[in-house]
There are 2 protein chains.
Amino acid sequence: MTPSDECCSPLTGEPLGEERAAALAPMFKAMGEPVRLRLLSLIASHQGGEACVCELTGVFDLSGPTISHHLKVLREAGLITGERRGTWVYYRVAPERLAQVSTLLDLAPAT
Amino acid sequence: MTPSDECCSPLTGEPLGEERAAALAPMFKAMGEPVRLRLLSLIASHQGGEACVCELTGVFDLSGPTISHHLKVLREAGLITGERRGTWVYYRVAPERLAQVSTLLDLAPAT
DNA sequence: TCCCTGTTTCGATGGATGTCGATACAGACG
DNA sequence: CGTCTGTATCGACATCCATCGAAACAGGGA
């Protein structure tokens, strides 16, 4: 499913339709795992806006395949993008997707 | 676990610590289920800022216990609060929690 | 070419989770 | 008090998911 949907009115606007909810949920689900949330944070806060997988694996007491799996989930949720440069693979966040979620949760500033 | 933690600097600020991530993940996990995301949206967008369970059950093709279970997950994640008034139970969102998440995902406006 | 390292995929497994029916609890009303 | 309705809990079950080791793939160098 291509997440090329236009953006999101806040939750408070109108009830989320079934399809919209089904499209948004995977993003939250991806961030709903502590390791993945930390991975996302590590990538987002990394200098240069990107982080090498080789730098991420060492942070956790988890096997390489497990880290790779979590990165795949984040990638398929559209939250990060990966690029191979030579031997190493670099990941960076997808800012528009994070902004989309942030906007969704923005309750009306002042009622 | 009391979610009385201080607020959140954006993801881009510094890497999320293990505890902070463990505290935040349940919120995302709760919203990572389409039915729960719609429930949250239904409550958030409902007139008066609160919604009766009796109005929520009919929206979905799911049993009462299942809806009750999802509301419990949202409640335990701190995203909604419930109050019984007579026969019916009313739920409303916890604005500060949603704002917390929204802020967390707010990437620095301009780098 | 062969090997070495970094990363991903595969297959298996134990534990978490969404769903249901049955049941229990809470409050209103005769 | 008994009963009816709305909501929550319980127990069970099927499915999903995080994790691992083994193996495959990618690229760089000897």
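Values below: every heavy atom of this structure, side chains too, minus hydrogens, waters and symmetry copies. Chain letters run A, B, ... following the sequence lines, proteins first and then strands; every chain starts at 1. Note that this is a predicted model, so its numbers are computed, not measured.
A:His70 and A:Leu39 get closest at one heavy-atom pair: CB-CD1, 3.6 Å. Of all heavy-atom pairs spanning B:Ala77 and B:Met27, the tightest one is O-CG, 3.4 Å.
No engagement by A:Tyr90 is indicated, since no non-hydrogen atom pair under 4.0 Å with the nucleic acid exists. Among the heavy atoms of the strands, none lies under 4.0 Å from A:Arg85. Using a 4.0 Å heavy-atom criterion, one finds that B:Gly64 contacts no nucleic acid atom at all. A:Thr87 comes within 4.0 angstrom of sugar-phosphate atoms only, judged by non-hydrogen atoms across all strands, and of no base. Across all strands shown, B:Leu62 has heavy atoms under 4.0 Å from sugar-phosphate atoms exclusively, and none from any base. At the heavy-atom level, A:His69 lies under 4.0 Å from base atoms of the strands shown.
A:Phe60 and A:Val73 fall into different hydrophobic clusters, where Ile, Leu, Val, Met, Phe, Trp and Tyr are joined by side-chain heavy atoms under 4.5 Å apart, directly or via other members. In the hydrophobic clustering of ILVMFWY residues, with side-chain heavy atoms under 4.5 Å counting as a link, B:Leu79 and A:Leu107 come out together.
Here C:dT7 is the nucleotide among C:dT9, C:dC20, C:dT7 with the atom lying nearest to any side-chain atom of A:Val89. The nucleotide whose nearest atom lies closest to any side-chain atom of B:Pro65 is, among D:dT9, D:dG6, D:dA26, D:dT9. Distance from the side chain of A:Glu33 is smallest for D:dT19 among the nucleotides D:dT7, D:dT19, D:dA8. Of the candidates D:dG6, D:dA18, D:dG27, the closest approach to any side-chain atom of A:Arg36 belongs to D:dA18.
Cation-pi geometry between A:Arg85 and A:Tyr90 is satisfied (NZ or CZ under 6.0 Å from the ring centre, within 45° of the ring normal).
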Worksheet entry | Nucleotide-level pairing of DNA chain C, given in dot-bracket where Watson-Crick and G-U pairs need both distances under 3.5 Å and | marks other strands | ||||||||||||||||||||||||||||||

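Between C:dA16 and B:Lys29, no contact under 4.0 Å exists linking OP1 or OP2 to a side-chain N or O. When the side-chain nitrogen and oxygen atoms of B:Ser63 are compared with OP1 and OP2 of C:dC20, one or more of them lie within a distance under 4.0 Å. In this structure, B:Ser68 reaches the D:dA8 phosphate: one of its side-chain N or O atoms is under 4.0 Å from OP1 or OP2.
Side-chain atoms of A:Arg84 come within 3.5 Å of backbone N or O of A:Gly86 as a donor-acceptor pair. At least one donor-acceptor pair under 3.5 Å links the side chain of B:Ser45 to the backbone N or O of B:Ser41.
Within residues 40-58 of chain B, no residue is approached by DNA chain C to less than 4.0 Å at the level of any non-hydrogen atom.
Along DNA chain D, the nucleotide nearest A:His70 and the nucleotide nearest A:Gly86 are compared for position; the residue whose nucleotide lies closer to the 5' end is A:His70.
Rounded to an integer number of Å, the gap from CZ of B:Arg84 to P of C:dC25 is 13 Å. If you take CG of B:Leu74 and C1' of C:dT17, they are 14 Å apart, rounded to a whole angstrom.
Here the CZ-CG distance, from B:Phe28 to B:Leu104, works out to 5.0 Å after rounding to the nearest 0.5 Å.
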